[in-house]
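These values consider heavy atoms only, across backbone and side chains, with no hydrogens, waters or symmetry-generated copies.
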Amino acid sequence: MSKRTKWDTKGDLDESKNLPIYQHKATLQQAVKDNSFLVVTGETGSGKTTQLPQYLHQAGLWGNGKIGITQPRRVAAITVAQRVSQEMHCSLGREVGYQVRFDDCTTQDTVVKYMTDGCLLREILADPVLSQYSVVILDEAHERSLNTDILLGLLKQTLSSPDKASKGRSVPLKVVVMSATLETDKLSVFLGGCPVFTIPGRTFPVTSKFSCAIGPKDTESSVYVKEVVKVALDVHTSEMAGDILVFLTGQSEIEKACDMLYEKAESIDYRYDVQDRKVEGLLILPLYGSMPTDQQKQIFQPPPPGIRKCVVATNIAATSLTINGIKYIVDSGFVKQLNHNSRVGMDILEVVPISKSEALQRAGRAGRTSAGKCFRIYSQEFWEKCMPKYTVPEIQRTSLTTVILTLKCLGVHDVIRFPYLDRPEERFIIEALKQLYQCDAIDRRGKVTRLGELMVQFPLPPGLTRALLQAASLGCEDLLLPVAAMLSVENIFIRPGHPEKQKEADKKHRQLGVQAGSCNDFTMLLSVFEKCKASDAPSAWCKDNYIHWRALKSAFSVETQLREILLRQQNRRDFPMEKFDGNKSELFRRCLCTGYFTNVARRSVGKVFCTMDGHGSMVHIHPSSTLFDQEAQLDWVIFHDLLVTSRIYIRTVCPIRYDWVKDLLPKLHEVDVYELSSVAREEVTDEEVAKWVTKEAAKRQTEGSAEDVFKKLEKRNDESSVSDARARYLQRKQERQQGKAS
DNA sequence: GAGCACTGC
């Protein structure tokens, strides 16, 4: 309990009384008392995130349970909790706490708990009615993060069925959904027409201007990089004091833009100081996620007197980071987005126009401290013709395997008619079911298997979890745990931009492969993990070998977490165990096959491999692989992932023997779409399953030989999406080369 | 012969 007396709080309370939300305090408290669901909307600066939980706490709405507030990002959960604990004069972790992955700062006393949406989803898996909570607040719902979307559906479903709501709970759960002013009517309708509370924000006006530089046809990066540079310099030379924030798409564009800005800013008639890229008048700072954190720090410091700061950033500056003093925005109108293509079973990272709501979000970053201006480098026509109203929510553009398994584990059988705020396309759901069936997480009826229940507890993609559990059941989890951890973190191999250093890095990486005696990319990961862990000076070791120390450190934490989950499961008496006789290398690779046989490819001609997942894509081994240039000696391989750029590349590759996957391959085509789509909707009877199995046996007889099966699996990909994506990429590349030549 | 935006468990 806090030692402070009540009058100590007076000053702070007065400050929070100035927030726009304060005059609605009583009404909000009452509204939560009167309704199961409530939508609260208010722009940044309204105080809803910090104040509402305190109001509910003061109103005694926590009763016997906690007030949980979810955030899509870890930093937000932590910083808001720190702030609120100060306002409530308690030490962090007592009445006010937070929980994010690897960091649980709560105690028995915690009643106001900030957490990431992923953490609450984990809690629901362990306790579906959230018996510890009296109120759940989903914050930033407009961002439409995958986890928040799932939570929305689950909370709606649990509470709208009185049967489920009462089970295990004495009092019904209260749900508050907080969102920026966009789409709140939709949310209210979704939640059964619940009231919407609007709180005025406390931001300053931002005026936006279009330009005619970028029209509907200009998607070439060199065009918009050049244009943002030009506009940023115009702002610098003609606008009043205030910092500039430029939105671009990625690291390389940002670096190009910074170089150009630096060069051109020098020629402006200022006295300048070349040292440390500081030009008198303009301080140019790149900002992107994979940047070293110490470099990021200076971005938040105010510039020296008389100098204007210009931050050139990715979308990271749109929501994740707030930079004070920004008065001008230069918006490129593009973003790099990962889209899942279920027809070809691939994720494709592409540059696409942002949505109108995203453009408004970007512009809003200029109005935090004073009135601002936003300069859009695209035309009004581009705005109208190319930019969708809203960004397609994550749930409609990502692979759904984990989501579907989670829902199934929570007893949601009909995963098509689950109340999604925006329903994913049916083929996405079908594809997820197929993958879950293939890695034994669900059976043919769509019911979660014992294995599936173990799998859902791991923060890993199902195939990898399957391989890990296979290894554990054969007593060799020590081989797979580090690999799973290494595959869950950002790329650990550093490849510098300078050609000289690049050569050196490549050499070091090759050496690591040889030392590891590793015959594949998975053992390479294992070896790097172990070598670094055993080193006396791990960070120096990483530097010397061009390995990302930050990434490796997080791999260590992930490995520990995975090991803990596994240990808990192994302590259960029913943990599956099998026997294996054979050498370690074979054991390791066979475990991988259990999870990755869906990612199997067979060499066809030269260096080209053909995938066996039914799409029959022609793929190449990525040059970063230890197996690159050894293709001729390979026949069958499995791979962790696939990358679409100038070619379709497979990355993290491992040679296997056909024998090891022979019995698994039929699984790739034994269930059909018709079957899965009925599984997705309704409970399937025993007779139906029996019918399918008979049909299949007949099918297999007519197919006959293994060669026939391959032919079927190698079915040429008739969908145009990948070739389209490739064509676009190649066109861009060609245009760039022409640009260089001229 | 190499093109990784951003989150999260």
Is A:Arg144 touching bases, backbone alone, or none of the nucleic acid, heavy atoms closer than 4.0 Å? nothing
In terms of the angle between their ring planes, are A:His622 and A:Tyr649 parallel, tilted or perpendicular, with boundaries placed at 30° and 60°? perpendicular
Whole angstrom is fine here: how far is it from NE2 in A:His340 over to C1' in B:dC6? 18 Å
Taken to the nearest 0.5 Å, the spacing of A:Met524 CE from A:Phe529 CZ works out to 15.0 Å
Between CG of A:Leu125 and C1' of B:dC9 the distance, given in whole Å, is 10 Å
Name the one of A:Asn147, A:Leu130, A:Ile150, A:Ile69 that satisfies side-chain contact (heavy atoms from CB on, under 4.5 Å) with A:Leu120? A:Leu130
Within the structure shown, what part of the strands sits under 4.0 Å from A:Arg495 by heavy-atom distance: base, sugar-phosphate, or nothing? base
In whole Å, what is the span from the CD1 atom of A:Ile348 to the P atom of B:dC6? 19 Å
Reckon A:Ile316 touches a base, only the sugar-phosphate, or nothing at all at heavy-atom distances under 4.0 Å? sugar-phosphate
A:Arg74 side chain, from C-beta outward: closest of B:dG3, B:dC4, B:dG8: B:dG8
Of the candidates B:dG1, B:dA2, B:dC9, the side chain of A:His622 sits closest to B:dA2
Ignoring hydrogens and angles, does a donor from either the side chain of A:Thr116 or the base of B:dG8 sit under 3.5 Å from an acceptor on the other? no
Tell me what A:Asp506 touches on the nucleic acid: a base, only sugar-phosphate, or nothing, going by heavy atoms under 4.0 Å. base
Side chain of A:Phe628: nearest nucleotide among B:dC6, B:dC9, B:dG1? B:dG1
Give a yes-or-no answer on whether the side chains of A:Gln71 and A:Tyr98 include a donor-acceptor pair shorter than 3.5 Å. no
Comparing nearest nucleotides in DNA chain B, the 5'-proximal residue of the pair A:Ser252, A:Leu287 is A:Ser252
note: A:Ile254, atom CD1; B:dC4, atom P; distance rounded to Å ~ 15 Å
Base, sugar-phosphate or nothing for A:Arg73? Non-hydrogen atoms, less than 4.0 Å. sugar-phosphate
In this structure, how many angstroms lie between the C1' atom of B:dA5 and the CZ atom of A:Arg362, rounded? 10 Å
For the pair made of CG in A:Leu460 and P in B:dC9, what is the distance, rounded to whole Å? 14 Å
Closest to side chain of A:Pro623, choosing from B:dG1, B:dG3, B:dA5: B:dG1
Select base, sugar-phosphate, or nothing to describe what A:Gln251 touches, counting heavy atoms under 4.0 Å on all strands. sugar-phosphate
Choose from B:dG1, B:dC6, B:dC9 the nucleotide whose nearest atom is closest to any side-chain atom of A:Ser320. B:dC6
Thinking salt bridges, do A:Asp103 and A:Arg74 make one under a 4.0 Å N-O criterion? no
Tell me: OH of A:Tyr98 to P of B:dC9, nearest whole Å? 12 Å
Could you check whether A:Tyr649 gets within reach of a base, just the sugar-phosphate, or nothing at all, counting any heavy atom under 4.0 Å? sugar-phosphate
Select base, sugar-phosphate, or nothing to describe what A:Phe102 touches, counting heavy atoms under 4.0 Å on all strands. nothing
Rounded to whole angstroms, how far apart are CD1 on A:Ile648 and P on B:dG1? 17 Å
Over all strands shown, is A:Leu146 touching base, sugar-phosphate only, or nothing at heavy-atom distances under 4.0 angstrom? nothing
Residues passing the salt bridge (Lys or Arg N to Asp or Glu O under 4.0 Å) test with A:Lys607, sequence neighbours excluded, are A:Asp629
Mind checking A:Asn315 for me? I need base, sugar-phosphate or nothing, with any heavy atom below 4.0 Å counting as a touch. nothing
